[in-house]
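The block underneath contains the structure these notes are about, expressed in structure tokens.
Letters A, B, ... mirror the listed sequences (proteins, then strands); counts begin at 1. Worth saying up front: this structure is predicted, and the values here are computed from it rather than measured.
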Number of protein chains: 2
Amino acid sequence: MRIGELAKRTGASVRSLRYYEEQGLLTSTRSASGQRHYTEDEVDRVTFIQRLYAAGLPSRTIIELLPCVDAPSEGNSDAAMEHMERERDRLTGHIAELARTRDALDGLIATGRTYQERLRSGASV
Amino acid sequence: MRIGELAKRTGASVRSLRYYEEQGLLTSTRSASGQRHYTEDEVDRVTFIQRLYAAGLPSRTIIELLPCVDAPSEGNSDAAMEHMERERDRLTGHIAELARTRDALDGLIATGRTYQERLRSGASV
DNA sequence: CTTGCCCCTCACATCAATGTCAGGTTTTAG
DNA sequence: CTAAAACCTGACATTGATGTGAGGGGCAAG
């Protein structure tokens with residue numbers, strides 16, 4: 001498929017796809033005239049890339065993780081495994097902090113609701 | 001306390017604190033000579049602001065949420081409550097997606113480990 | 001008074017991902 | 001064949017939070 005379709009299928013912009021390639025996250029075969037062609041596999045790959053981007057990983061990091069996805073274990077493994085575990089832990093910590101933030105928001109919301117209840121039941125300001 | 005101490009206490013850079021003020025997220029009293037002074041309360045406030053920033057909320061959004069923190073319910077409540085709930089939900093969704101990403105990483109790690117086991121036990125490549 | 005440190009404002013730089021525009025070629029549909 | 005739609009490269013713009021540097025006060029200790 002060509003770049004436009006890949007974009008439609010993944011929700012990424014054409015610009016972003018070219019950028020991913022420029023960063024070495026994505027490869028394409030070129031037609032004689034220079035147009036990029038992709039296989040079905042690239043859909044999943046782009047989806048995964050987007051997921052990592054959404055998780056806040058910079059492309060520097062993603063590019064070091066992707067080899068593990070491509071070849072589910074070659075020579076690179078040792079350092080790569082450590083890398084992935086480190087990122088996983090970072091992510092876990094980040095998730096925990098976000099959860100705390102959400103709880104703080106919930107607390108504020110609860111406070112607000114209580115206040116509104118009191119108002120509605122006729123208390124004075 | 002002056003800005004340097006607030007920075008030390010919160011871990012935010014002096015530059016960031018001034019930026020927060022510029023964005024209307026933080027206020028300070030000024031000494032005759034123009035230096036910013038803060039109370040103990042600002043420590044918590046900055047911490048909360050940092051938390052929201054870390055959660056990916058842009059200052060536009062934070063600025064609309066903070067009134068709820070300041071006055072745990074005034075006239076603003078109705079729209080503000082909705083706003084907070086929307087942000088809470090957005091955050092919840094985001095957390096879920098991050099969890100999925102982490103699980104995907106875990107899967108890759110598990111695959112890698114299995115492979116290494118096999119290698120170590122003497123299987124051929 | 002001087003030295004050192006903290007503070008002030010203003011303004012420009014940075015980074016990363018993405019948007020956008022220009023000028024030109026290729027593919028597709030009528 | 002022709003026009004529209006999709007593609008190409010290259011380059012500049014944008015956004016948001018923050019870094020950094022210039023140039024200049026304020027204030028405490030020696």
Of I62(B) and S33(B), the one whose closest DNA chain D nucleotide lies more 5'
I62(B)
Is the shortest side-chain N/O distance from Y19(A) to OP1 or OP2 of dA17(C) below 4.0 Å?
yes
Give the rounded distance in Å between these two atoms: CZ of R60(B) and P of dG16(D).
8 Å
OP1, OP2 of dT18(D) versus side-chain N and O of S16(B): anything below 4.0 Å?
yes
Sugar-phosphate only, base, or nothing, as touched by R30(B) at under 4.0 Å among non-hydrogen atoms
sugar-phosphate
Donor + acceptor pair across side chains of Q50(A), T10(A) (<3.5 Å)
no
Nearest whole angstrom, please: distance from the P of dC7(C) to the CG of L6(B).
10 Å
Taking atom C1' of dA16(C) as reference, at what distance in whole Å does atom CD1 of I63(A) sit?
14 Å
Counting just side-chain N and O atoms, does R15(B) come under 4.0 Å of either OP1 or OP2 of dA17(D)?
no
Nearest-Å distance for atom pair CD/P, residues E5(A) and dT27(C):
16 Å
Any S31(B) side-chain N or O less than 4.0 Å from OP1/OP2 of dG26(D):
no
From CD of E21(B) across to P of dC8(C) the rounded distance in Å is 8 Å
Return the minimal non-hydrogen interatomic distance between M84(A) and L108(B), and the atom names on each side.
CE-CB, 3.2 Å
To the nearest angstrom, how far is R36(A) atom CZ from dT25(C) atom P?
17 Å
Pick base, sugar-phosphate or nothing for S59(A), based on heavy-atom distances below 4.0 Å to the nucleic acid.
sugar-phosphate
Please tell me which of the listed nucleotides, dC7(C), dG19(C), dG26(D), lies nearest to the side chain of I3(B)?
dC7(C)
Kindly give the heavy-atom pair with the smallest separation between H94(B) and A54(A), and that separation in Å.
CE1-O, 3.6 Å
Ranking dT18(C), dC27(D), dC7(D) by distance to the side chain of R2(A), first place goes to dC7(D)
List the atom of Y38(A), the atom of E21(A), and the distance in Å for their closest heavy-atom pair.
OH-OE1, 3.8 Å
Contact class for R18(B) (heavy atom, under 4.0 Å): base, sugar-phosphate, or nothing?
base
Whole Å only: how far is the NE2 atom of H37(B) from the P atom of dG26(D)?
13 Å
When rounded to whole Å, the CD to P distance for the pair E22(A) and dA11(D) reads 11 Å
Report the residue from V14(A), L17(A), T39(A) that forms a side-chain contact (heavy atoms from CB on, under 4.5 Å) with L6(A).
L17(A)
Has Y53(A) got a side-chain N or O lying under 4.0 Å from the OP1 or OP2 atom of dT18(C)?
no
